[in-house]
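Below, each value reflects all heavy atoms present in this structure, side chains not excepted, and no hydrogens, waters or symmetry copies. Keep in mind it's a predicted model, so treat the numbers as computed, not measured.
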Amino acid sequence: MSRIASRFAELRAANRAALIPYITAGDPNPGVTVGLMHHLVAQGADLLELGVPFSDPMADGPVIQRATERALAHHVSMHDVLRMVSEFRTMDAATPVILMGYLNPIEVLGYEAFAREAAAAGVDGVLTVDMPPEEATSYNDALRAAGLDRIFLVSPTTPARRVQSIARQGSGFVYYVSLKGVTGSASLDVADVEHHLAALRGQIDMPLGVGFGIRDARTAGQMAAIADAVVVGSVLVNLIEQHRDDASAIRQAVGALVAEMRAAMNNARSSGE
C-alpha cells in the first residue's frame with residue numbers, strides 16, 4: 001500500500017478529512033521550502049502538495065504565477081525540487097508528498113527517468129495538470145512501475161467518459177476542481193460541490209479531494225464535511241508573498257492559517273457524527 005493510500009486509510013478510520021496544503025517549491029527562495037514543509041506538517045497537514053515551477057502555469061491564477069516567477073528567478077529546476085523532497089525525507093518518512101505541475105519539465109527528463117528519480121527522492125504521487133488521461137498510457141506506465149500514484153483532476157464539466165478513464169487509470173485520490181477557472185478564483189457553492197461529489201462517488205472508488213476556492217478556516221470546514229480531502233493553495237501562497245522577505249514571518253502566518261483550518265475541519269467532522 002502506498003503512503004498516500006495508507007494515510008487516507010488512517011484518516012478514514014479516525015473520521016478525519018485530509019488537509020493538503022500547496023506551496024511552490026523554491027518560493028520565495030529555495031532555502032525556505034523544506035523548513036516550511038516540516039512546519040506545515042507540524043501544524044496539521046496530512047499530505048503535502050509541492051508545485052514544480054514552470055514558465056507557463058496556465059491552470060494557475062496570478063498568485064501562484066507570481067510564486068512560480070519568484071522560484072524561477074532562483075533557477076529552481078525539477079532536480080532542485082527532487083533534492084528538496086529528498087532533504088525533507090531525512091526527517092519525515094511518513095507524510096505523503098505530491099508533485100503538482102506541468103508536463104514539459106517531466107518530458108525534458110523522460111518519463112522513466114523522472115519516475116525513477118522522483119521515487120528515489122521520496123515522492124509519492126504526481127499530478128500533471130496538462131496530461132489528459134486519453135494520452136497518458138506511457139506516462140502512467142512509467143509512474144506505476146516506479147510505485148508513484150497517478151493523480152488526476154476532475155472538474156464540474158468533465159465528461160462522463162473522461163471520468164471513467166480517470167477511475168481506471170488514477171490512484172491515490174482524485175482532485176476535484178470545485179470552480180471553473182484558474183486557482184484562486186471565485187467563491188464556493190457548497191451545495192453544488194456536494195452534489196458533484198455524490199455523483200463522482202458512484203463512478204470513482206478513490207478518495208475525493210476538493211481544491212480551488214478554499215480561502216479560510218470556514219470554507220475548509222465546509223469542504224471537510226463533504227469531501228475526503230481539502231486542498232488549499234492560493235491563500236497560503238499569498239501569505240508567502242506578503243512575508244517573502246522574512247522566513248520566520250512566513251512560517252508564522254502560513255502555520256497559523258493551516259492550524260485554524262485543521263481545527264475547523266476536525267470540528268466539522270465531529271459535529272457531523
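Side-chain contact check for L99 versus L148: every heavy-atom pair is 4.5 Å or farther apart. Looking at heavy atoms from C-beta onward, R244 lies in side-chain contact with E241 at the 4.5 angstrom threshold. A heavy-atom distance below 4.5 Å is not found between the side chains of V174 and Y176. Proximity of I240 to L36: side-chain heavy atoms (C-beta onward) are separated by under 4.5 Å at one or more points. Side-chain contact between V129 and L153: present, with at least one pair of heavy atoms (C-beta onward) separated by less than 4.5 Å. Residues P105 and V81 have side chains not in contact (no heavy-atom distance under 4.5 Å, counting atoms from C-beta outward). The side-chain heavy atoms of P133 and R168, taken from C-beta on, include no pair separated by under 4.5 Å. Contact annotation: the side chain of T128 approaches that of D130 to within less than 4.5 Å [non-hydrogen atoms, C-beta and beyond].
With N238 contributing its side chain and S234 its backbone, the two residues share no donor-acceptor pair below 3.5 Å. Listed for the T68 side chain is a donor-acceptor partner under 3.5 Å among the backbone atoms of I64. Remark: side-chain polar atoms of T95 are not paired, donor with acceptor, to backbone N or O of L47 under 3.5 angstrom. For T219 (side chain) and R215 (main-chain N/O), a donor-acceptor pair under 3.5 Å exists by modelled atom type. When atom types are taken as modelled, the side chain of H74 and the backbone of P30 share no donor-acceptor pair closer than 3.5 angstrom. Not one N or O on the side chain of R262 forms a donor-acceptor pair closer than 3.5 Å with the backbone of A259. Under a 3.5 Å cut-off, the side chain of Q43 and the backbone N or O of V258 do not form any donor-acceptor pair.
Evaluation of the ring-ring contact (aromatic ring centres under 6.0 Å, His included) test over residues 16-38, restricted to residues two or more places apart or in two chains, returns H38-F88. Residue pairs meeting the ring-ring contact (aromatic ring centres under 6.0 Å, His included) criterion with at least one partner in residues 103-148, sequence neighbours excluded, are Y111-Y139. Contacts classified as salt bridge (Lys or Arg N to Asp or Glu O under 4.0 Å) and involving residues 109-120 (residues at least two apart or in different chains) are not found.
Hydrophobic clustering (side-chain heavy atoms under 4.5 Å, transitive across Ile, Leu, Val, Met, Phe, Trp, Tyr) groups V230 together with V41. Under the 4.5 Å side-chain heavy-atom criterion for Ile, Leu, Val, Met, Phe, Trp and Tyr, I20 and L11 are members of distinct hydrophobic clusters. Hydrophobic clustering keeps V237 apart from L72 (ILVMFWY residues linked when any side-chain heavy atoms are closer than 4.5 Å, directly or through intermediates). Both L50 and L103 belong to a common hydrophobic cluster when Ile, Leu, Val, Met, Phe, Trp and Tyr are linked at side-chain heavy-atom distances under 4.5 angstrom.
The shortest heavy-atom contact between A67 and T24 is CB-OG1, 3.6 Å. In plain terms, the two heavy atoms of I151 and S171 that are nearest each other are CG1-O, 3.7 Å. The heavy-atom pair separating D124 from P96 by the smallest distance is OD2-CA, 3.1 Å. Across every non-hydrogen atom of R201 and A227, the tightest pair is NH2-CA, 3.8 Å. The minimum heavy-atom distance linking S2 with A5 is given by the pair OG-N, 3.0 Å. Nearest heavy-atom pair, A115 versus A142, reported as atom, atom and distance to 0.1 Å: CB-O, 3.4 Å.
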Self-check item: Residue pair E260, L257: steps toward the side chain to side chain contact (heavy atoms under 4.5 Å, CB included) verdict
Solution: CA-CA 5 Å; E260 290 174 9; L257 181 54; 3.9 Å; yes

Quiz item: Could you walk me through whether V32 and N29 pass the side chain to side chain contact (heavy atoms under 4.5 Å, CB included) check?
Solution: CA-CA 6 Å; V32 169; N29 64 72; 3.6 Å; yes

Self-check item: side chain to side chain contact (heavy atoms under 4.5 Å, CB included) between L19 and V232, worked out
Solution: CA-CA 8 Å; L19 175 55; V232 55; 4.1 Å; yes

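Taking R144 as the reference, D141 meet the side-chain hydrogen bond (donor to acceptor under 3.5 Å, both in side chains) condition, with sequence neighbours excluded. Partners of D27 under the salt bridge (Lys or Arg N to Asp or Glu O under 4.0 Å) rule, at least two apart in sequence or in another chain, are R70. For F8, the ring pair (Phe, Tyr, Trp, His ring centres under 6.0 Å) test picks out F173, with sequence neighbours left out.
Here the options are R12, R3, R16, the test is salt bridge (Lys or Arg N to Asp or Glu O under 4.0 Å), and the partner is D46; only R16 passes.
Counted within 6.0 Å of CD on Q252, heavy atoms from surrounding residues, nucleotides or ligands total 12 or fewer; the atom is thus considered open.
Under 4.0 Å is where a charged nitrogen must lie from a carboxylate oxygen, and between E10 and R7 at least one such pair does.
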